[in-house]
Amino acid sequence: MRLDSTPPPRLAAARARGRVGGRPRLTSEQAALAQQLYDARTRTVQQIAAKAEAAPEGAYWHLKELDVGPAGPYGKNGNTYHLETSSLWEKWVAKDGRGWIGRRQLAARPLDLEAWRRDGSPTEWEIGPDGGVYSTSPGEGTLTPLKGEQKLYWSAMPLTLKEIEALPADPEALKKRAAEAILKQKDFAGSVEDGLPPTLASLLYELPASPQVRGAAYQALATLPSVRVEGRTTDPEGRPGVAVTFPIQEGQPTEGRLIIDPDTSKVLTFEVTGMPQKGDRVNVVLESGWTDTKPSPPTTE
């Protein structure tokens, strides 16, 4: 058992082996242009969108994420601490609508080792009323076939693969469709404007949108006044990219942050920060794209 500031070896291995696949890289000329745009500090979301030029390939749409976030508080008698929890999550959808979900809970670690020791150094913690535990040891990977033709949710709107393929490639028309998806939410009482950035962002990696629709999503994001391109950064895996941020809830400190590889237009990470009483959450995109690899339980290898 490893309980220090260094991520557990299995988690480190899962991160190190993560990759963003499914579409070919840019040509050397396109990559050189992207670097020139950055060096001149003139790259914009529209220019990144112009790099989204690839055709889908493979038998399955596949999304694999490493989700990292806090849990707790745990402890008693005023001695409390939180955990860092991590899990691998995968989804496959075949072109005929069949679907599978893969899950694996990775090792949790206490963020305050002294408080954890005062609590008796437990190795398991209850997740909540629905059952399950967090553990200092990783769980086994599971793969669950889903019943019926699968629909993927775009905000609150369920869509089949064919309906996703039919989304408009015009930025303004896509924004209107995104607003319709947001308003599908039951008892919706928020702001459509606040919902547009994360809803459009989901087309960049969560859904099997065409290259043309992905490009339109980038261009639509660029028209939103709340979206900011913050420049060069690295994601939690050390991969270089460009940060794009936007508020998620008006009047609240909650903010979404995309880290995008400008050479491929691929989303590397989606972070949500400033959530009151909940802490920050990070979704590291390990794979997003079409693949011929058959569904299997998540592993750290």
Side-chain angles (χ1 to χ4, degrees), residues 18-26 45 48-67 88-103 143-171 173-178 180-182 184 195-221 244 258-261 263-270 283-296 298:
R19 62 185 174 84
V20 177
R23 296 185 175 94
R25 294 178 59 82
L26 298 176
V45 173
I48 293 174
K51 312 304 173 188
E53 298 174 355
E57 298 176 354
Y60 306 94
W61 171 257
H62 181 215
L63 176 64
K64 180 177 183 178
E65 294 180 310
L66 171 65
D67 299 336
L88 291 172
W89 182 94
E90 299 189 57
K91 184 164 188 174
W92 289 263
V93 178
K95 291 182 177 179
D96 61 8
R98 291 174 298 147
W100 298 260
I101 291 286
R103 296 186 179 90
L143 181 68
T144 304
L146 303 174
K147 296 180 179 179
E149 182 181 8
Q150 292 306 297
K151 294 188 177 183
L152 301 175
Y153 274 84
W154 186 32
S155 186
M157 181 185 288
L159 298 173
T160 64
L161 291 180
K162 289 185 178 181
E163 289 170 330
I164 294 170
E165 290 175 1
L167 288 172
D170 173 76
L174 191 62
K175 283 196 293 186
K176 291 180 180 179
R177 287 285 282 152
E180 293 173 10
I182 294 166
K184 287 285 186 179
L196 280 175
T199 301
L200 290 167
S202 69
L203 292 173
L204 306 180
Y205 71 102
E206 287 190 315
L207 300 178
S210 70
Q212 293 77 18
V213 171
R214 287 174 59 234
Y218 274 118
Q219 294 173 48
L221 281 168
V244 177
L258 293 167
I259 300 179
I260 301 165
D261 181 344
D263 290 344
T264 63
S265 82
K266 298 286 292 189
V267 172
L268 304 176
T269 298
F270 179 54
N283 290 4
V284 180
V285 183
L286 301 178
E287 298 183 28
S288 173
W290 292 92
T291 180
D292 286 322
T293 302
K294 293 183 179 180
S296 61

What distance separates [X] [atom1] from [Y] [atom2], expressed to the nearest 0.5 Å?
X: L204; Y: S265; atom1: CG; atom2: OG; answer: 8.0 Å
X: K175; Y: D170; atom1: NZ; atom2: CG; answer: 9.5 Å
X: L200; Y: I182; atom1: CG; atom2: CD1; answer: 7.5 Å
X: E65; Y: S288; atom1: CD; atom2: OG; answer: 8.5 Å
X: L88; Y: R103; atom1: CG; atom2: CZ; answer: 12.5 Å
X: K91; Y: Q150; atom1: NZ; atom2: CD; answer: 5.5 Å

Do [X] and [Y] have side-chain heavy atoms sitting under 4.5 Å apart?
X: V285; Y: F270; answer: no
X: Y153; Y: K184; answer: no
X: L161; Y: L152; answer: yes
X: W92; Y: T293; answer: no
X: L167; Y: L207; answer: no
X: W89; Y: I101; answer: yes
X: R214; Y: K266; answer: yes

Polar side-chain atom of K95 near backbone of W61 as donor-acceptor pair, under 3.5 Å: no
Any donor-acceptor pair under 3.5 Å linking the side chain of D292 with the backbone of A59? yes
Considering all heavy atoms, the nearest [X]-[Y] contact:
X: W290; Y: V93; answer: CZ3-O, 4.4 Å
X: P168; Y: V213; answer: O-CG2, 3.9 Å
X: G102; Y: P298; answer: C-CG, 3.5 Å
X: L196; Y: A178; answer: CD2-CB, 3.7 Å
X: A216; Y: A169; answer: CB-O, 3.2 Å
X: S155; Y: A181; answer: OG-O, 3.7 Å

Any residue meeting ring-ring contact (aromatic ring centres under 6.0 Å, His included) with W100, in chain and number order, not counting sequence neighbours: Y60
Are R177 and E180 within salt-bridge range, i.e. N to O under 4.0 Å? yes
Start with the C-alpha distance between V244 and I260, add both sets of side-chain angles, then the distance that settles side-chain contact (heavy atoms from CB on, under 4.5 Å), and finish with yes or no. CA-CA 8 Å; V244 177; I260 301 165; 3.9 Å; yes
